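Structure record follows, encoded as structure tokens.
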Amino acid sequence: MGKLLLLNGPNLNRLGKREPDIYGSETLEDIKEKIIATIEPYQYQVDAKQSNHEGQLIDWIHEADKCYQGIIFNPGAYTHTSIAIRDAISSVDVPVIEVHISNVHKRESFRHTSMLASVCEGQIVGLGSKGYQLAAMYFIK
Ligand code: DQA
């Protein structure tokens, strides 16, 4: 049985209610259910965690090392600011895919920079909640 970690950062607990014109109407629970349906046939399971706190996200990234085949990570606004999360990703062997629901490149210029992308395996941007499923499929071996 393979294992993936679905990790979401600040304000993503508000998906479904938060700016639905940008982020859609699905909740994190809906997204998790879709990932389960996508990966179950391949004998993979997913653990889902969300935090609004940078240090908590860093602790979970450290703990994920050697426990998961991959992390599907939407770091929210920490994407654009957090050297500490970048260093956490660099410190572990588990591959990370950075996912953004919205196309950050079509939005404010402060969203165009990612502190994390260059230490991630890849980045999926602007494909809505489907981006999480596509990231999960990448990790299926
Ligand atoms: C986001 C994009 C970020 O710029 C923003 O701060 C978020 C969500 C996205 O999924 O599109 O919180 O990561």
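Model, not experiment: these values are computed from the prediction. One-based numbering, in listed order, for ligands and for the atoms of each.
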Please state whether the rings of His105 and His112 are parallel, tilted or perpendicular, taking 30° and 60° as the class boundaries. tilted
Just to confirm my output: which protein heavy-atom neighbour is closest to atom 5 (C) of ligand 1, and how far is it? Arg111 NH1, 3.3 Å
Consider every N or O of Arg107 and every N or O of ligand 1, then say whether any pair is closer than 3.5 Å. no
Just to confirm my output: which protein heavy-atom neighbour is closest to atom 1 (C) of ligand 1, and how far is it? His100 ND1, 3.6 Å
Enumerated ligand 1 atoms positioned under 4.0 Å from heavy atoms of Tyr23: 5 (C), 7 (C), 8 (C), 9 (C), 11 (O)
For the CZ atom on Arg18, are there more than 12 heavy atoms of other groups (residues, nucleotides or ligands in this structure) within a distance under 6.0 Å? yes
Exceeds 12 heavy-atom contacts within 6.0 angstrom, atom NZ of Lys3: yes
Test: Lys66 cationic atom under 6.0 Å from Tyr68 six-membered ring centre, within 45° of axis: no
Have a look at ligand 1 and work out which part of Glu19, if any, has a heavy atom under 4.0 Å from it: side chain, backbone, both or neither. neither
So the atoms of ligand 1 within less than 4.0 Å of a heavy atom of Ile101 turn out to be 9 (C), 10 (O), 11 (O)
Check each atom of ligand 1 against the heavy atoms of Val104 and keep those under 4.0 Å away; list them by number with element. 2 (C), 4 (O)
Counting each atom of ligand 1 from 1 as listed, which ones have a heavy atom of His80 under 4.0 Å away? 3 (C), 4 (O)
Just wondering, more than 12 heavy atoms not from Lys106 lying within 6.0 Å of its NZ? no
Are more than 12 heavy atoms, taken from residues, nucleotides or ligands other than Ile22, located less than 6.0 Å from that residue's CD1 atom? yes
Tell me whether Asn74 has any N or O atom under 3.5 angstrom from an N or O of ligand 1. yes
